[in-house]
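The structure appears right after this line, and notes come after that.
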Amino acid sequence: VVRAEGGFSSWRDLHPGGSDHVDMGNPRGMYYPRAVEEMAEGSPKWVMARNLTHKLVYRPRGVSELYDLASDPRELDNLWGKPSAAPLQGAMERELLGWLVETADVTPIRMDPRRTPKWDPSGRG
């Protein structure tokens, strides 16, 4: 199973100066229009799970997707929300939720005043 996550709710979540991967001083750059769109509207947060036969992309504030990769390798027929796919959708959502719970971490809001301990590459300290 392959899992991934991405997206952001606001450009402020991405980078203090805007896009972290686009030269915002070059409006003729290939990715400039998409970066401007992302900074204005955000890029809907998502999580994805894919196995050998199916792929699920869940977006809490957007269109979610579920595909049968065996019969629809080009991902043209979105099965999300279809009654016939409900058991599969439920199973993949539970698997994805389990992964999120197992791997979730919270980033501290403030720096610990004690700072990070010095690292000794020799392993003796």
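These numbers come from a predicted model, not from an experiment. Both backbone and side-chain heavy atoms feed into the values below; hydrogens, waters and symmetry mates do not.
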- Single-linkage hydrophobic cluster V57~M92, side-chain heavy atoms < 4.5 angstrom: no

- Message: Do W99 and W46 sit in one hydrophobic cluster, given that two such residues count as connected whenever their side-chain heavy atoms are within less than 4.5 Å of each other, even indirectly?
- Response: no

Euclidean distance, [Y] [atom2] relative to [X] [atom1], rounded to 0.5 Å:
X	Y	atom1	atom2	value
S84	Q89	OG	CD	10.0 Å
E95	H54	CD	NE2	13.5 Å
L56	Y58	CG	OH	10.0 Å
L88	L66	CG	CG	5.0 Å
L52	L69	CG	CG	9.0 Å

Which pair of heavy atoms, one from [X] and one from [Y], lies closest together, and at what distance?
X	Y	value
N78	K82	O-CE, 3.4 Å
L96	M48	CD1-O, 3.7 Å
S71	P73	C-CD, 3.6 Å

- Message: Under the rule for salt bridge (Lys or Arg N to Asp or Glu O under 4.0 Å), what residues qualify as partners of D72, not counting sequence neighbours?
- Response: none

- Message: Holding to side-chain hydrogen bond (donor to acceptor under 3.5 Å, both in side chains), I want the full list of residues that pass it with E65, two or more places apart in sequence or in another chain.
- Response: R59, Y67

- Counting only heavy atoms not in L76, do more than 12 fall under 6.0 Å of its CG? yes

